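Since the structure comes first, as structure tokens, the remarks are kept for the end.
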Amino acid sequence: MKNTTATFQKMKEKHEKISMLTCYDYSTAKLMEAAGINGILVGDSLGNVMQGYEDTLPVTMEESIIYGRSVARATHDTMVVMDMPFMSYQVSVEQALTNAGRLMKEAHGNAVKLEGGAAVCPQIKAMTSVGIPVMAHLGMTPQSVNAFGGNKVQGKTADAAKRMLDDAYKIQEAGAFAVVLECVPAPLAALITEKLTIPTIGIGAGNETDGQILVYQDMLGMFSDYVPKFVKKFANLGCEMTDAFTQYDREVKSTAFPDKDHEFHKMSNPEVLDELKDL
Ligand code: KIV
């Protein structure tokens, strides 16, 4: 059964947790779908984990569409949310609508995600009014890393906590179907989750949000440039991959690979080899 915005809403109402992961490629998206993950975010974290940038700011619309399409092609039941790159929606409502439309039409997303609260409510209203579901994102919003002065937990002070709750109400009112809460103190995330009627998806926001999301390379132990405190490694594929690459390197150099089981023997006309020797 396809996971839709209605599925997410029902899951919140029934107190069933929503699982989301980021993904950027066909093969991995197929594995996530097979595992029953409810939603995939083609996050602009692709700038970090796929492209090696220090932050998400350089990611372009064209890149998001290419990565997004690969994920959409692999999925049937999983909801695919396309992240809107930095400066693809902030300039104007018209620009936001055009780019959200491209992510739906060209990348075949089921929804888009943008960062921010009250400031992006006109964009959320415009998108939802033409049938584009919008996931919002509050707390440590990575596109504002320069304004925050680093990857810092948000909502710690009374004022900041009030502002976040107010933003959460506003994006809900504007029509967002869900909101990501990133690096938010667990008690504040729990309170926002209780107050909102739409689902909250936490990342570094404790256990009481309606769902969770992690960057897949982080949770598989494949990315070590920067590992935030909230990341749990569910596997250590980084080590396994390095071991496999090392063994491959060794076997290629020793000629142990390829062995007879991994080569083709049969030729319809093997005598031709004798002829070829003389050429
Ligand atoms: O881009 C991303 O991966 C995200 C998640 C961290 C929520 O926005």
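Every number for a ligand or one of its atoms is a count from 1 in the order of the listing. All of these numbers come straight from a predicted model, not from anything done at the bench.
- In the vicinity of Asp83, heavy-atom distances shorter than 4.0 Å reach the ligand 1 atoms 1 (O), 2 (C), 8 (O).
- Nearest non-hydrogen protein atom to atom 4 (C) of ligand 1 is Leu41 CD2, 3.5 Å.
- Between Lys113 and ligand 1, at least one N/O pair is under 3.5 Å apart.
- Proximity to Ile203 (heavy-atom distance under 4.0 Å) selects the following atoms of ligand 1: 6 (C).
- Using modelled atom types, one side-chain atom of Gln95 and one backbone atom of Val91 make a donor-acceptor pair closer than 3.5 Å.
- With hydrogens left out, the protein atom closest to atom 2 (C) of ligand 1 is Ser45 OG, 3.3 Å, a heavy atom.
- A cation-pi arrangement is absent between Lys266 and Phe264 under the rule of less than 6.0 angstrom and at most 45 degrees off the ring axis.
- Using a 4.0 Å cut-off between a side-chain N of Lys or Arg and a carboxylate O of Asp or Glu, Lys17 and Glu208 do not qualify as a salt bridge.
- Considering backbone and side-chain atoms alike, Asp44 places an N or O below 3.5 Å from some N or O of ligand 1.
- Ligand-side atoms of ligand 1 in range of Gly43: 1 (O), 2 (C), 3 (O), range being under 4.0 angstrom from any heavy atom.
- Summarising the geometry, atom CG belonging to Leu103 is positioned 11.0 Å from atom OG1 belonging to Thr98; distances are rounded to the nearest 0.5 Å.
- Considering only heavy atoms from C-beta on, Ile201 stays 4.5 Å or farther from Asp210 through its side chain.
- In the vicinity of Glu182, heavy-atom distances shorter than 4.0 Å reach the ligand 1 atoms 6 (C).
- Val112 places none of its side-chain heavy atoms less than 4.5 Å from the side chain of Val81.
- Taking a cut-off of under 4.0 Å to the non-hydrogen atoms of His137, the atoms of ligand 1 that pass are 7 (C), 8 (O).
- Of all atoms in ligand 1, numbered sequentially from 1 with element shown, those under 4.0 Å from a heavy atom of Thr22 are 3 (O).
- Between Tyr67 and Tyr24, the angle of the ring planes goes over 60°, which puts this pair in the perpendicular group of the 30/60° scheme.
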